[in-house]
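In the text below, chain A, chain B and the rest are named by the order of the sequence lines, each starting its count at 1.
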Number of protein chains: 2
Amino acid sequence: MTIAQVADKYGITPDTLRYYERVGLIPSVTRSAGGIRNYGEEECNWVEFIVCMRGAGIEVDALIRYVSLFKAGNGTLKERKNILIEQRDKLARRVEELEKTLARLDKKIENYESVLIPAQEKLMKKGEKNG
Amino acid sequence: MTIAQVADKYGITPDTLRYYERVGLIPSVTRSAGGIRNYGEEECNWVEFIVCMRGAGIEVDALIRYVSLFKAGNGTLKERKNILIEQRDKLARRVEELEKTLARLDKKIENYESVLIPAQEKLMKKGEKNG
DNA sequence: GTAAACCCTGGAGTTCGCTCCAAGTCAAGA
DNA sequence: TCTTGACTTGGAGCGAACTCCAGGGTTTAC
């Protein structure tokens with residue numbers, strides 16, 4: 001697959017893909033003789049993983065560390081797992097926080113309704129009077 | 001309360017508070033004769049609200065719109081509510097996305113365990129042999 | 001009344017994560 | 001073979017949200 005196809009498939013731009021590769025978010029991409037990237041299945045899976053993780057706000061730096069450990073081979077399994085755990089925990093805390101804020105927004109919206117609905121009823125009664 | 005106290009209370013810096021006020025995230029802060037900010041209870045509540053919303057990643061622009069409608073009075077209740085609903089929905093979608101990624105990370109970590117635990121057991125057996 | 005600590009403003013600087021650009025190379029169709 | 005369009009690189013630029021700074025004013029404690 002070409003860079004444009006992969007970009008399209010995962011909803012990002014070729015520039016972002018090049019950037020990800022440049023900074024080390026994607027292990028490596030095979031090239032044609034002329035130097036043009038050709039993404040295989042493995043590479044696509046990496047892209048998909050990275051796009052997902054970035055979508056959840058996991059920092060580029062953490063992902064770079066993860067990828068560089070991956071490149072270093074099986075001796076780094078434990079360390080890689082620790083990065084994942086660290087990020088999972090961070091994300092779990094974030095989700096909790098967001099859920100609290102979500103609940104708060106819901107309440108605030110309810111409050112607005114309790115102000116707005118009586119106001120609307122008043123208008124409707126007015127309407128009844130007028131017609 | 002002084003700016004430093006408020007900053008401390010909500011875990012931000014005085015600079016951030018001044019920035020929030022400057023761009024319109026906080027309706028107004030009363031000043032002393034000398035021009036020094038003095039946060040009352042109302043103002044603290046605004047700060048708390050804004051810090052919470054910002055903590056959930058709600059955009060500064062949306063909050064500015066909200067605050068400026070608030071300043072404009074009761075005629076803007078419906079519009080304010082709409083902003084809240086819009087942001088609530090955005091946040092809800094985000095939470096869903098994050099939960100999916102969280103589940104994925106959990107699975108990935110489990111996979112690492114299924115590789116690492118057998119390796120550990122091997123090491124432990126070796127330990128038994130040696131002592 | 002003065003020193004130290006805090007506050008003020010406007011504007012420049014920083015960080016993160018892309019995003020865009022110039023100048024050139026490569027590949028596929030007419 | 002030429003043209004057209006996609007690809008390459010290194011590096012500059014950008015938007016969001018702060019963060020910091022210089023040069024000053026204010027408060028408070030002694």
Side-chain angles (χ1 to χ4, degrees), chain A residues 1-26 28-40 43-44 46-68 87 90-91 94 97 101, chain B residues 1-26 28-40 43-44 46-47 49-68 87 90-91 94 97-98 101:
Chain A
M1 289 184 108
T2 70
I3 197 166
Q5 288 169 332
V6 175
D8 217 54
K9 185 169 180 182
Y10 297 113
I12 53 177
T13 67
D15 269 320
T16 301
L17 274 172
R18 288 193 204 97
Y19 163 73
Y20 282 174
E21 187 179 346
R22 177 159 36 162
V23 300
L25 275 185
I26 293 159
S28 78
V29 181
T30 15
R31 308 292 187 104
S32 77
I36 285 172
R37 291 173 182 80
N38 181 22
Y39 292 77
E43 280 136 347
C44 281
W46 265 107
V47 171
E48 192 274 333
F49 173 68
I50 291 298
V51 167
C52 175
M53 295 299 121
R54 286 294 308 128
I58 289 168
E59 286 158 13
V60 166
D61 268 9
L63 294 170
I64 289 173
R65 275 188 290 134
Y66 181 80
V67 173
S68 79
Q87 297 305 318
K90 240 185 185 171
L91 187 52
R94 182 104 186 102
E97 192 193 351
T101 303
Chain B
M1 288 182 106
T2 69
I3 197 167
Q5 288 168 331
V6 176
D8 217 55
K9 185 169 180 182
Y10 297 113
I12 55 177
T13 67
D15 269 320
T16 302
L17 274 172
R18 287 193 206 99
Y19 163 72
Y20 281 175
E21 188 179 345
R22 181 161 28 166
V23 299
L25 274 185
I26 293 159
S28 78
V29 180
T30 13
R31 309 291 187 105
S32 78
I36 286 173
R37 289 173 183 81
N38 181 24
Y39 293 77
E43 279 136 348
C44 280
W46 264 107
V47 172
F49 174 66
I50 291 299
V51 167
C52 176
M53 293 301 122
R54 285 294 308 127
I58 288 168
E59 287 158 12
V60 167
D61 268 9
L63 295 170
I64 289 173
R65 274 187 292 136
Y66 182 80
V67 173
S68 79
Q87 296 305 318
K90 238 185 186 173
L91 187 51
R94 182 104 186 103
E97 191 194 350
L98 295 192
T101 304

*Asks:* What is the distance, to the nearest angstrom, from the CE atom on A:Met1 to the P atom on D:dA6?
*Replies:*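 Interatomic distance, CE of A:Met1 to P of D:dA6: 16 Å.
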*Asks:* Shortest non-hydrogen contact from B:Ala56 to A:Arg94?
*Replies:*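 Heavy-atom minimum between the residues: C-NH2, 3.7 Å.
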*Asks:* What's the CD-C1' distance between B:Glu59 and D:dA16, to the nearest Å?
*Replies:*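 About 9 Å, once rounded to whole Å.
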*Asks:* Over how many whole Å does the gap from B:Asn38 atom CG to D:dT27 atom P extend?
*Replies:*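 These atoms are roughly 11 Å apart.
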*Asks:* Describe the nucleic acid contact of B:Ala4 in one word from base, sugar-phosphate, nothing, applying a heavy-atom distance below 4.0 Å.
*Replies:*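 If one applies the 4.0 Å heavy-atom cut-off, B:Ala4 turns out to touch the sugar-phosphate alone, with no base involved.
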*Asks:* What protein N or O atoms touch nucleotides 18-20 of chain C N or O atoms at under 3.5 angstrom, if any, and at what distances?
*Replies:*
residue, atom, partner, partner atom, Å
C:dC18, OP2, A:Tyr20, OH, 3.2
C:dC18, OP2, A:Arg54, NE, 2.6
C:dC18, OP2, A:Arg54, NH2, 3.1
C:dT19, OP2, A:Thr16, OG1, 3.4
C:dC20, N4, A:Asp15, OD1, 3.4

*Asks:* May I ask you to verify if any side-chain N or O of B:Thr2 is less than 4.0 angstrom from the OP1 or OP2 atom of C:dC6?
*Replies:*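 So the side-chain polar atoms of B:Thr2 never come under 4.0 Å of the phosphate oxygens OP1 or OP2 of C:dC6.
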*Asks:* Could you check how far CD of A:Gln5 sits from P of D:dG5, rounded to whole Å?
*Replies:*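 Distance check: A:Gln5 CD to D:dG5 P gives 18 Å.
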*Asks:* Separation of B:Arg31 atom CZ from C:dC8 atom P, in whole Å?
*Replies:*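 From B:Arg31 CZ to C:dC8 P: 6 Å.
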*Asks:* So, does B:Thr30 use its side chain to make a donor-acceptor pair with the main chain of B:Asn38 at under 3.5 Å?
*Replies:*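 Such a contact is found between B:Thr30 side chain and B:Asn38 backbone.
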*Asks:* Can you tell me if A:Arg18 uses its side chain to pair, donor with acceptor, with the backbone of A:Arg22 under 3.5 Å?
*Replies:*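 No, the answer is negative, given that no donor and acceptor are paired below the 3.5 Å cut-off.
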*Asks:* Quick one: B:Ile50 CD1 to D:dA17 P, roughly how many Å, whole number?
*Replies:*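 The answer, rounded to whole Å, is 12 Å.
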*Asks:* Going by the side-chain contact (heavy atoms from CB on, under 4.5 Å) test, name the single residue among B:Ile12, B:Leu25, B:Leu17 that passes it with B:Val51.
*Replies:*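 Single side-chain contact (heavy atoms from CB on, under 4.5 Å) partner of B:Val51 among B:Ile12, B:Leu25, B:Leu17: B:Ile12.
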*Asks:* Determine, for B:Arg37 against B:Glu43, whether the closest basic-nitrogen to carboxylate-oxygen distance falls under 4.0 angstrom.
*Replies:*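 Here B:Arg37 does not pair with B:Glu43 in a salt bridge, since their nearest N and O are not under 4.0 Å apart.
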*Asks:* For the residue pair A:Cys44 and A:Met1, what are the closest heavy atoms and their distance?
*Replies:*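 That would be SG-SD, 3.6 Å.
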*Asks:* Report the distance from atom CZ of B:Arg37 to atom C1' of D:dG25, rounded to the nearest whole Å.
*Replies:*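 Those two atoms, CZ and C1', are 13 Å apart.
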*Asks:* Using a strict cut-off of less than 4.0 Å between a Lys/Arg side-chain nitrogen and an Asp/Glu carboxylate oxygen, indicate whether B:Arg65 and B:Glu59 qualify as a salt bridge.
*Replies:*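 No.
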*Asks:* Taking any heavy-atom pair under 4.0 Å as a contact, classify A:Arg18: base, sugar-phosphate, or nothing.
*Replies:*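 If one applies the 4.0 Å heavy-atom cut-off, A:Arg18 turns out to touch a base.
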*Asks:* Would you kindly give the CG-to-P distance between B:Leu63 and D:dA16, to the nearest whole Å?
*Replies:*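 After rounding, the gap between these two atoms is 14 Å.
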